[in-house]
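Beneath this line is the structure, given in structure tokens, with notes to follow.
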Amino acid sequence: MKIVLATLNAKYIHTSLALRYLRAYARPDFPDIDLCEYTIKDPALSVAADIYKRKPDVVGFSCYIWNIEETIPIIQMLRKTNPNVKIVLGGPEVSYDSRMWLMRIPEVDAIVINEGEKTFHRVLTELQKASESGDRPRYDLIPGIVYRDAEENVQQTFPAEKMKLDEIPSPFDDDDLPTLVNRVVYFECSRGCPFSCSYCLSSIETGVRYFDLDRTLTELKRLIDAGVKTVKFVDRTFNIHRRYALTVFDFLIKNHNGTIFQFEITADILKPDVVQYLAENAPPGVFRFEIGVQSTNDITNDIVQRRQNWEKLTNTVLGIKNSGKIDQHLDLIAGLPEEDYRSFRKTFNDVFELRPEELQLGFLKMLRGTGVRAQAEQYGYQYMDNAPYEILSNNVLSFDDVIRIKRVEDVLEKYWNAHRADLTVEHLVSREFDSPFDFFQEFGDYWEERGWNRIGHQLEDLFKRLQQFLEARGTDGMDVILGLMKLDYLKAFKNKPRAIWWERTLDKQTSSRLIQLFAERPELLGEQFAALKLSEQDIHKHCLLETLPFEPGTLEAKPHLLLAYYEPGQGQEPKYFHAALSAFGLVRV
């Protein structure tokens with residue numbers, strides 16, 4: 001029996017852990033399995049054609065909110081081109097309201113509910129028996145599915161029992177490992193979540209089950225030895241089991257070999273001794289933490305049953321940040337119950353005050369099966385009919401508010417999360433605007449008014465538009481701000497930029513004279529610059545000269561000459577050297 005396991009990933013770089021588990025569990029009895037990963041951007045006809053040419057007897061699709069609507073046309077084409085193929089769905093998007101999905105997509109034969117490895121194997125077994133006997137498959141004997149009976153009525157069997165996780169073979173085949181090297185590999189140590197946040201599907205499954213610790217370490221070592229660059233743990237609360245988490249951290253610290261590992265951390269339960277251990281031992285850049293804050297509104301957190309100690313969370317985030325070892329990605333959700341625009345502004349500012357490396361601003365999605373969806377009427381929710389079921393409004397947040405916050409999200413991504421203007425944004429939110437939220441909101445509003453949300457942007461465009469916005473509103477201290485923008489722009493390149501967005505303050509003759517001077521007397525820019533022993537030709541080729549109205553690092557109002565050196569072949573940010581303009585007989589910027 002020929003089987004195809006397929007899914008549409010959000011991006012090519014992503015990989016499907018679910019398909020690999022299904023294949024690993026089924027393959028001892030059903031060896032002829034193709035694992036086919038596509039993306040949501042692939043044309044439906046191309047995907048259907050690729051699956052069709054494999055001549056499958058069974059096709060299983062893994063379905064999520066980000067791919068269900070794109071998957072349906074593929075299913076419909078497969079049914080039309082191969083009427084005898086059996087089509088089975090699974091995944092979180094179809095595990096709730098499963099009867100509705102079977103009625104909406106009549107081309108589907110069965111849906112596997114929740115955990116799928118054993119259940120899908122049983123489906124394949126029944127299909128194999130039916131193929132050999134010529135009888136109808138006995139779907140009614142399989143726990144944990146929805147199916148159509150002989151009269152085409154939708155039926156649902158009793159829930160399947162939870163599996164012992166170590167019954168599942170490794171999802172990572174030796175033949176598969178080389179294909180994962182340059183992609184994001186998803187990995188889990190556990191299933192389930194100890195918390196009950198009503199907006200999250202993980203809250204529905206009670207209890208947490210763990211894979212054997214030795215197995216986990218062995219699997220991680222296989223990925224590291226294979227040269228996988230990025231491993232993302234999908235455990236909903238990686239650090240809930242302190243000893244388990246510490247053992248994994250310690251193992252990866254000793255064996256990482258340059259692989260990057262990302263974890264979902266509940267920060268307010270991460271013990272101070274663990275934070276200290278990571279601060280002292282974690283290699284810089286190897287670990288990344290994703291921390292869901294969602295809201296700092298106590299009323300809102302009570303409604304969604306989210307227990308969160310803000311003081312402890314803050315101490316953890318700042319302790320990790322001060323170590324300089326681990327990047328942190330903090331999540332917010334706009335649109336939670338009873339969090340209006342003003343309250344969300346406070347939430348945003350509370351979290352931005354921690355200066356995370358990335359602040360992810362998302363919008364509540366009314367996921368099937370969640371408590372918040374069940375309470376939608378109580379809180380006046382209007383939301384998209386189809387996936388991703390994102391909210392449009394509720395009783396305290398209008399659609400106008402939602403649209404405005406989306407503008408915040410847009411410029412937040414372009415400037416803060418992309419780290420294109422760190423120095424400038426820090427200066428603006430600290431000194432020029434009432435709060436960080438107000439900067440991003442005002443800039444986002446201006447961005448949309450100009451229609452920039454409908455066109456593409458080069459790096460220099462982003463700086464020009466920021467300058468235009470700041471000048472249009474009459475921002476004070478523009479000379480200092482433009483100086484910081486120059487530093488941010490130059491830092492964005494690994495080689496000397498060919499173009500700049502501002503008008504040069506040094507003419508060619510002055511620049512050439514200074515370059516000749518620095519080649520002859522490099523000590524004028526300090527001992528570190530002198531140690532580079534750059535020739536005049538090297539400085540011309542790999543350095544950029546500019547002036548600033550302040551001393552870098554202090555912002556003291558004293559015009560300075562800046563030299564940015566891009567070391568060839570290193571692919572690193574420039575090294576900055578500077579000296580007061582007055583030292584060279586130059587007094588004006």
Side-chain angles (χ1 to χ4, degrees), residues 184 186-190 192-203 208 230-242 244-246 248-249 252 260-279 282 284-298 300-301 304-336 339 344 346-365 409 412-413 416-419 436-437:
V184 176
Y186 295 91
F187 190 91
E188 64 178 358
C189 302
S190 63
C193 181
F195 301 111
S196 303
C197 306
S198 65
Y199 52 81
C200 179
L201 282 176
S202 298
S203 66
V208 182
T230 304
V231 175
K232 184 173 181 178
F233 288 74
V234 296
D235 305 77
R236 303 310 299 172
T237 305
F238 177 78
N239 58 307
I240 190 67
H241 191 315
R242 180 180 175 278
Y244 197 114
L246 261 178
V248 173
F249 284 147
L252 296 179
I260 295 171
F261 302 92
Q262 182 168 327
F263 307 87
E264 291 191 36
I265 297 293
T266 300
D268 56 347
I269 64 169
L270 192 65
K271 301 298 184 184
D273 63 318
V274 178
V275 175
Q276 182 177 352
Y277 171 79
L278 292 170
V286 168
F287 292 163
R288 296 175 182 167
F289 286 176
E290 182 175 345
I291 298 170
V293 180
Q294 321 312 6
S295 174
T296 61
N297 183 314
D298 291 337
T300 293
N301 283 330
V304 299
Q305 303 175 57
R306 180 173 180 80
R307 300 192 303 272
Q308 182 165 268
N309 186 314
W310 175 245
E311 182 180 356
K312 289 183 178 179
L313 186 151
T314 297
N315 290 338
T316 297
V317 170
L318 293 178
I320 293 169
K321 183 176 182 62
N322 291 337
S323 75
K325 302 287 190 66
I326 300 171
D327 281 355
Q328 296 177 97
H329 168 134
L330 271 56
D331 291 335
L332 299 180
I333 298 179
L336 290 170
E339 175 132 86
F344 185 76
K346 179 182 182 301
T347 284
F348 184 99
N349 288 329
D350 287 342
V351 178
F352 197 89
E353 186 67 25
L354 303 178
R355 298 299 191 269
E357 283 74 21
E358 186 172 351
L359 177 56
Q360 183 70 43
L361 196 173
F363 291 80
L364 179 63
K365 295 173 176 59
E409 178 194 24
L412 178 73
E413 285 294 321
W416 181 259
N417 290 342
H419 295 287
F437 184 87

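Just so you know, residue 1 is the first one in the sequence shown, and it goes up from there.
Under a cut-off of 6.0 angstrom, the local environment of CZ in Arg288 is sparse, with at most 12 non-hydrogen atoms contributed by other residues, nucleotides or ligands. The 12-atom threshold is not exceeded at CD of Glu353, counting heavy atoms of other residues, nucleotides or ligands nearer than 6.0 Å. Other residues, nucleotides and ligands contribute over 12 non-hydrogen atoms within 6.0 Å of the NZ atom of Lys325.
With 3.5 Å as the limit, one finds no donor-acceptor pair spanning the side chains of Asp327 and His329. At a cut-off of 3.5 Å, with distance as the only test, a side-chain donor of Ser295 or Glu339 sits close to an acceptor on the other residue.
What you find for Thr300 and Asn297 is that their closest heavy atoms are N-OD1, 3.1 Å. Residues Ala334 and Leu361 approach most closely at CB-CD2, 4.3 Å, considering heavy atoms. Across every non-hydrogen atom of Phe363 and Ile333, the tightest pair is C-CG2, 4.1 Å. For the pair Asp235 and Cys189, the tightest heavy-atom approach, listed with the atom from each and the gap, is OD2-N, 2.9 Å. Taking all atoms of both residues into account, the shortest heavy-atom contact from Gly319 to Val275 is C-CG1, 4.0 Å. What you find for Lys321 and Gln328 is that their closest heavy atoms are N-NE2, 3.5 Å.
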Audit row: Ile291, Thr316, side chain to side chain contact (heavy atoms under 4.5 Å, CB included) steps and yes/no: CA-CA 11 Å; Ile291 298 170; Thr316 297; 5.6 Å; no
Test log, rule side chain to side chain contact (heavy atoms under 4.5 Å, CB included), inputs Phe289 and Val317: CA-CA 10 Å; Phe289 286 176; Val317 170; over 6 Å; no
Derivation and outcome, side chain to side chain contact (heavy atoms under 4.5 Å, CB included), residues Val293 and Trp310: CA-CA 9 Å; Val293 180; Trp310 175 245; 3.8 Å; yes
Residue pair Val351, Thr296: steps toward the side chain to side chain contact (heavy atoms under 4.5 Å, CB included) verdict: CA-CA 8 Å; Val351 178; Thr296 61; 4.3 Å; yes
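Going from atom CZ of Phe348 over to atom CG of Leu359 covers 5.0 Å, rounded to the nearest 0.5 Å. Interatomic distance, CD1 of Ile326 versus CD of Gln262, reported as 12.0 Å (0.5 Å rounding). For the atom pair His241 NE2 and Leu246 CG, the distance stands at 11.0 Å (nearest 0.5 Å). The structure places CG of Leu330 at 11.5 Å from CD1 of Ile265, a figure rounded to the nearest 0.5 Å. Atom CG of Leu318 sits about 9.5 Å away from atom CG of Leu313, to the nearest 0.5 Å. Atom-to-atom distance recorded for Cys193:SG and Glu264:CD is 9.0 Å, nearest 0.5 angstrom.
Using a 4.5 Å cut-off on side-chain heavy atoms (C-beta onward), Cys197 and Gln294 make no contact. Taking the side chain as every heavy atom from C-beta outward, Tyr199 and Arg306 approach each other to under 4.5 Å. The closest side-chain heavy-atom distance from Thr237 to Val208 is not below 4.5 Å. Two residues are said to be in side-chain contact when any heavy atoms from C-beta on lie closer than 4.5 Å; Leu332 and Thr347 meet this criterion. Inter-residue side-chain proximity for Glu290 and Phe233 is flagged as unmet; no heavy-atom pair is nearer than 4.5 Å.
Looking at His419, its side chain does come within 3.5 Å of a backbone N or O of Glu357 through a donor-acceptor pair. Checked by atom type and distance alone, the side chain of Trp416 never pairs as donor or acceptor with a backbone atom of Arg355 at under 3.5 Å.
Proximity of the aromatic rings of Phe249 and Phe238 is defined here by a centroid distance below 6.0 angstrom, and this criterion is met. With ring centers used as reference points, Phe287 lies under 6.0 Å from Phe263.
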